Structure formats: C-alpha cells, structure tokens
Amino acid sequence: MAAAARDLSLVSQFCVAGSRLAALGKCGVHLLKKGRRGNAGFKVRAAVQLGSESEKATKPLEKTFGMDVVSEVGLREKGFMGLRKTKLFGTIGPACSSLNDLEKLALAGMNVARLNMCHGSRDWHRDVIRKIKMLNEDKGFSISLMIDTEGSQIHVVDHGAPSSLKVEEDSIWLFTAKNIEGSRPFTVQANYGRFSEGIEVGDEVVIDGGMACFVVVEKTGNDLHCKCIDPGLFLPGAKFSFWRDGKLVRRNHKLPTLSTKDWADIDFGISEGVDFFALSFVNHADSVQHLKNYLSTKSTKSIKVLAKIESLESLHNLKEIVQASDGIMVARGDLGVEIPLEQIPTVQEDIIYICRQLNKPVIVASQLLESMVEYPTPTRAEVADVSEAVRQYADALMLSGESAIGSYGQKALAVLDMTSTRIESWAREENRQSLLNHYQLGVSLPDRTAEQMCNCAVEMANNLGVDAIFVYTKHGYMASLLSRNRPNPPIFAFTKDESTIMALNLNWGVVPFQVDLSDDAESNISKSIKFMKSRGLIMHGDVVLVVSDVAPTRVTPMASQSIQVKTIV
C-alpha cells in the first residue's frame, strides 16, 4: 500500500483550517474563491400579514396541487423542523422488488430508487420501474428513478450460485473468462477476456474491495487457480482487483467509460422515463458531457447525469467532473480499492465540500450499513459513519446490498431516517451549521443576482427563525441555490414541471410541491398558502420566507426578484 499512499499524498493535501478544501494538490482541483461578494440588487419586503381577505379574492384552484404523501404526513405529524432534510436512496433487488415491499420502502422514506444494471434483466428492471410509477400514480408517492450503469470494469459474470455465497478459507477457485454452461461450484466467470493479462502467481485477488481475498497459486493460459486466504461474502456481479506486494496492479486495458451494454441500458432507461443516470467509473469530464449531449438529442425529458467518483484518476480531475455533472456519488467501495482506506474519510468530506461550493448534489454510497445485509441491527460504528456523512451535509445517503439482497431493507432505511433526523436536529440545537464560503457561480447579472438573493435569504431565514422557505421555480435552480446554503427551515419548492420535482428529490432539505404556476407571483403565493392551510399543513402564526423569481412577460414586462416574509393569519 506504500505506493498507493504516495499516489494519494496529493489528495491528502487538504486545508483543514477554515475552508476545509483549498486544493487537491496536483489533482488539478484549484483553489476555490472564498469570501462573500457585494450584494446584488433585489427587493426585501417587510413582514406581511396574509389573511382571509386576500384568500377570499383568490380564484379557485385550477389544477391539482400536491406533494409526496410521506412528506405531507411527516409535516402534519412532526411540524416543519421535524422533516428530514437528508435524502435517502434504496437499491432495488430481489429482496424488495414486489409491489408490497416497494410500498414499504416508500413509506419508510425512500426518495430515489436505484436500479443497478450490473444485475437483473431489462425485463426485470422494467417491471420494477412500472411498479414504482404505479405507486407514484395511485398512492401519492413521488419516488424518483435512477439507473446505475455497469461501466467498463472487470467483474464477475457468474460465481457458481444464484445469489451471494460464503467463501471458505483455503478453498480453491478457478477464475476464467470462458463461457460456462450452467453454474459450476468454485468457478468464477469474468466478463473480460484479458482479465488476467499481466497477473502472476503470488498476486492477490481482492473481491469488492475486501469482501474476500484470494492468492493466485497457478496460471494456465488466461485462467487463474486461486486459494482463498481471507474468507468472506461473494456477491453476484462482484468486482475484483489485483494486488502485488501491497500495491494495486495498474493495467491499462483502455476500456471505454460506457460499454456497448451501457448504451443499450441507457436507451432502455430513456424509453422507460427514468430521472437519473449514474455513470460508473468516470475518469474525465468528457464522458459526462458526451452522455448529456446524447440525452439532449434522444429525450424530451430532462434527465440528470450523476458521476460516480471511484478511482484515483477521477480525484485527479474532480473539479472538472463535478462542474460537468448534475450531481456526484462518492462510491466508497470501489474508491477504497484505489486509495488507502485511511484516506476515505477526508476524501469523502472534501468531495462533499467542493460539491456544495459548485452547487451540485452529492450522494454518499457503499457499505453504510453493510452488516444489515445479514443482521437486523447495525453496528454502532456504522451509525457513527452515517452520522458523520449527515454532519458533513451530504445531500443523500444510499443503501446498496442492504436493501437489494438483505432481509432487513426497510429497517436499514429506518436507521438512515432516524439517524439523519437526529443529527440534523442536533446540529440546529448546537448551532453547528458550517457556513459556506461562497464560490461565485453566476456570470451574468441575473444569475449573480439570484445567487446573492438565495445566500441572503437563507441568512435571513436562520436569523429570523422562520418556519419554512417557499421558493417558486421552473427548473429548480433557485431551490438548489437555497439548498446549497443548508438552511435551518425546510425549503418548499413550488413548480409545475414534473421533471423538476423528480430532480429536486436529490437536493438536501427541498420538499418539491407540484403547483400550476402563473405569471402573477402574488397569485402563486396566495393560492399555494391557501391550499396548504386547507390541508392543515400550515397554521395560524407560522412565518414563511418567500423567494420568487419572475421572468418578464406581457403581464409583467420587467424581471422581478424578491424576498418576502409572510405571517399566516
């Protein structure tokens, strides 16, 4: 591991005083500009009473308003500050693919369902997608769908069993790329013909970053005969890497980021109307941009592209990848194969920080509650790990095998929900919010004005102790700018665009709310508050801070951006 540690010395050159991430050394992630800019011009309206008179003048609601049923129940039972802000992903697998199990995950708080294309047929994934859409339509949920591409990576096609199996110490296994009829015990079929190129007797084969470990005892052609030296769990589709003298064996197979199968899976996802694609093994921003360009020509729907950070090279190009992507996943399992384990916590924290600076949502994934694949309760160390990701203000946490193949997926989701809610509450009570030294994103005056307005709106909301922030948005940008600042009150994002609702399921603290927006900002505010009052979601005396951004129209020829504070009467 010494060489890997030297390689990662550049990654570990982080500033820990004040701004946390100053640079990634030679990685090319340059110093982000710090400090607040001068205030851009916008209106701040003093506290306004919104009472019954204005409600009487409001026209009847023309279309259905709505929010996710779980958020609505949570708001009614727990109040504004009781809403969980950290979003939760669940990976769907054979253990939770029935309609009943999917509904239980939805009720437990799952915001996004992940479909891992490493496993299962497209017919199986299509069935899951349609079940989730049925739940959204019939039960009032608002679960987004994400396809996780397989990526051009060496992994197991078959390992001799239909599901996970335990590898015993000293057992001898054959690793081969030959097509095998049926499943053979103690035989591992690799997906790539040249998987053993450059590998020697004595090298170690590490499964899924350490789930099990073998040593090569004989090489015959391209086949490897291996003895288990660290027993453990062998999962279907497991990835494996080779180590020699404590160092990762680096081999340049020149595999593309997206394989032929990945492109077919992407076309499948487009046809089924998914909301996100997670791009595996991204090493350069070009791969992300290539997929985004493809999606813009193939789909009328706005589909977001998330880049998975899981290699040393991706850390080298981190800033460029983050800027090109719609979001980032910290894939700690594969990343932990490429860099020393002790580097993972600091790398995770700094990836989260740079994502906040660049206003891109970030997901922490892999092995959050790994023990719950087999056991009904997590280890206390796992709960501490989850708590740290929440304290670092990650936008979302993701379950993998815990929900896909484990027996306790709903309990695992409940642990994430409970832990996130508790740590968020503690951070508010102890005033532990870490202020963001803002990196200016906007270039044009309107963009810079919106950015400054959202920065100031969150500061006002926290200082005034308002109950909620309302934002009226078409594409979700204003909502994301508010979320970037991690305010104490929840953010209710009112939009009529369904793609925006699904995309905002990934943003910290944002509760998307479907509403038929008009060009009249005051009318939008009045009718949305009227609706929330009618459902018992907002009460007399509640105070909300309203952020609106109205584009010029025939009715309102001047662009208008404003912050208002309204007291419900």
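No experiment lies behind these values; they were computed from the predicted model shown. Just so you know, residue 1 is the first one in the sequence shown, and it goes up from there.
Heavy atoms from other residues, nucleotides or ligands lying under 6.0 Å from CD of E272 number more than 12.
Interatomic distance, Q367 CD to L399 CG, rounded to the nearest 0.5 Å: 12.5 Å. We find the OG-CG distance between S403 and L369 to be 10.0 Å, quoted to the nearest 0.5 Å. With rounding to the nearest 0.5 angstrom, the CD1 atom of I303 is 12.5 Å from the CE atom of M502. Atom CD1 in I309 sits 11.5 Å away from atom CD1 in I363 (nearest 0.5 Å). The CG atom of L115 sits 6.5 Å away from the CD1 atom of I92 when rounded to the nearest 0.5 Å. Here the CD1 atom belonging to I352 is positioned 12.5 Å from the CD1 atom belonging to I354, to the nearest 0.5 angstrom.
Taking every heavy atom of both residues into account, M329 and A278 meet most closely at CE-CB, 4.2 Å. The nearest pair of heavy atoms linking A479 to L504 is CB-CD2, 4.0 Å. Here the closest heavy-atom approach between residue T500 and residue G476 is recorded as CG2-N, 3.6 Å. Between T567 and V543, the shortest heavy-atom contact is OG1-CG2, 3.9 Å. Heavy atoms only, all atoms of each residue included: P489 and A461 are closest at CG-CB, 4.0 Å. When every heavy atom of R114 is checked against every heavy atom of S400, the shortest pair comes out as NH1-OG, 3.9 Å.
Side-chain atoms of S562 and S548 include a donor-acceptor pair closer than 3.5 Å. In the model, Q357 has a side-chain atom that pairs as donor or acceptor with a side-chain atom of Y353 under 3.5 Å. For the residue pair Q348 and R332, a side-chain donor N or O sits within less than 3.5 Å of a side-chain acceptor on the partner. Remark: the R84 side chain and the T421 side chain contain no N/O donor-acceptor pair separated by less than 3.5 Å. Side-chain atoms of E522 and Q564 form a donor-acceptor pair, as typed in the model, at a separation below 3.5 Å.
Between K533 and I538 the shortest side-chain heavy-atom distance falls below 4.5 Å. Taking the side chain as every heavy atom from C-beta outward, V69 and K139 never approach each other to under 4.5 Å. With contacts defined as side-chain heavy-atom distances shorter than 4.5 Å, the pair S528/F531 does not qualify. In this structure, F492 and V515 have side chains that are not in contact, with every pair of non-hydrogen atoms separated by 4.5 Å or more. A heavy-atom distance below 4.5 Å is found between the side chains of F80 and D542. Side-chain contact between S142 and M67 is absent, with no heavy-atom pair separated by less than 4.5 Å. For the pair D447/L441, no side-chain contact is recorded, criterion being any heavy-atom separation below 4.5 Å from C-beta on. Counting heavy atoms from C-beta outward, K319 and L358 have side chains that approach closer than 4.5 Å.
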**Report entry** side-chain contact (heavy atoms from CB on, under 4.5 Å) between N507 and L482, intermediate numbers included
**Finding:** CA-CA 10 Å; N507 287 89; L482 292 166; over 6 Å; no

Query raised in the report: After noting the C-alpha distance and the side-chain angles of L537 and R76, does the key distance pass the side-chain contact (heavy atoms from CB on, under 4.5 Å) rule?
Result: CA-CA 6 Å; L537 303 178; R76 192 175 285 114; 3.7 Å; yes

Requested in this report: Please test V386 against V415 for side-chain contact (heavy atoms from CB on, under 4.5 Å), starting from the C-alpha separation and ending with a verdict.
Outcome: CA-CA 9 Å; V386 170; V415 170; 5.9 Å; no

Requested in this report: Take I525 and F470 through the test side-chain contact (heavy atoms from CB on, under 4.5 Å) and record every step on the way to the result.
Outcome: CA-CA 9 Å; I525 295 168; F470 286 7; 5.8 Å; no

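With T149 as the fixed residue, the side chain to side chain contact (heavy atoms under 4.5 Å, CB included) test singles out one of L258, N116, T257, D265: L258. With respect to I143, the side chain to side chain contact (heavy atoms under 4.5 Å, CB included) criterion is satisfied by exactly one of N111, N136, D68, N505: N136.
Under the 4.0 Å criterion applied to side-chain N and carboxylate O atoms, R448 and E451 are not assigned as salt-bridge partners. Between K308 and D148, at least one side-chain N (NZ, or NE/NH1/NH2) sits under 4.0 Å from a carboxylate O, which counts as a salt bridge. For R428 and E424, the salt-bridge test fails: no basic side-chain N is under 4.0 Å from an acidic carboxylate O.
Ring planes of W508 and Y393: perpendicular class, angle over 60° (limits at 30 and 60°). F494 and F513 have tilted rings, their planes meeting at an angle from 30° to 60° on a 0 to 90° scale.
Under a 3.5 Å cut-off, the side chain of R356 and the backbone N or O of R484 do form a donor-acceptor pair. Checking side-chain atoms of D467 against main-chain N and O of V544 turns up no donor-acceptor pair under 3.5 Å. The main-chain N or O of Y477 is found under 3.5 Å from a side-chain atom of S480 such that the two form a donor-acceptor pair. Side chain of S296 to backbone of N293: a donor-acceptor contact under 3.5 angstrom is found. Using modelled atom types, one side-chain atom of T495 and one backbone atom of K474 make a donor-acceptor pair closer than 3.5 Å. For the pair K87 (side chain) and V510 (backbone), a donor-acceptor distance under 3.5 Å is present. Listed for the T297 side chain is a donor-acceptor partner under 3.5 Å among the backbone atoms of Y294. At distances below 3.5 Å, at least one donor-acceptor pair connects side-chain atoms of N462 with backbone N or O atoms of N488.
Counting only residues at least two apart or in different chains, salt bridge (Lys or Arg N to Asp or Glu O under 4.0 Å) contacts with residues 285-305 comprise D275-K301, K292-D326.
Among residues two or more places apart in sequence or in another chain, the side-chain contact (heavy atoms from CB on, under 4.5 Å) test is passed with S311 by N283, E313, S314, E338.
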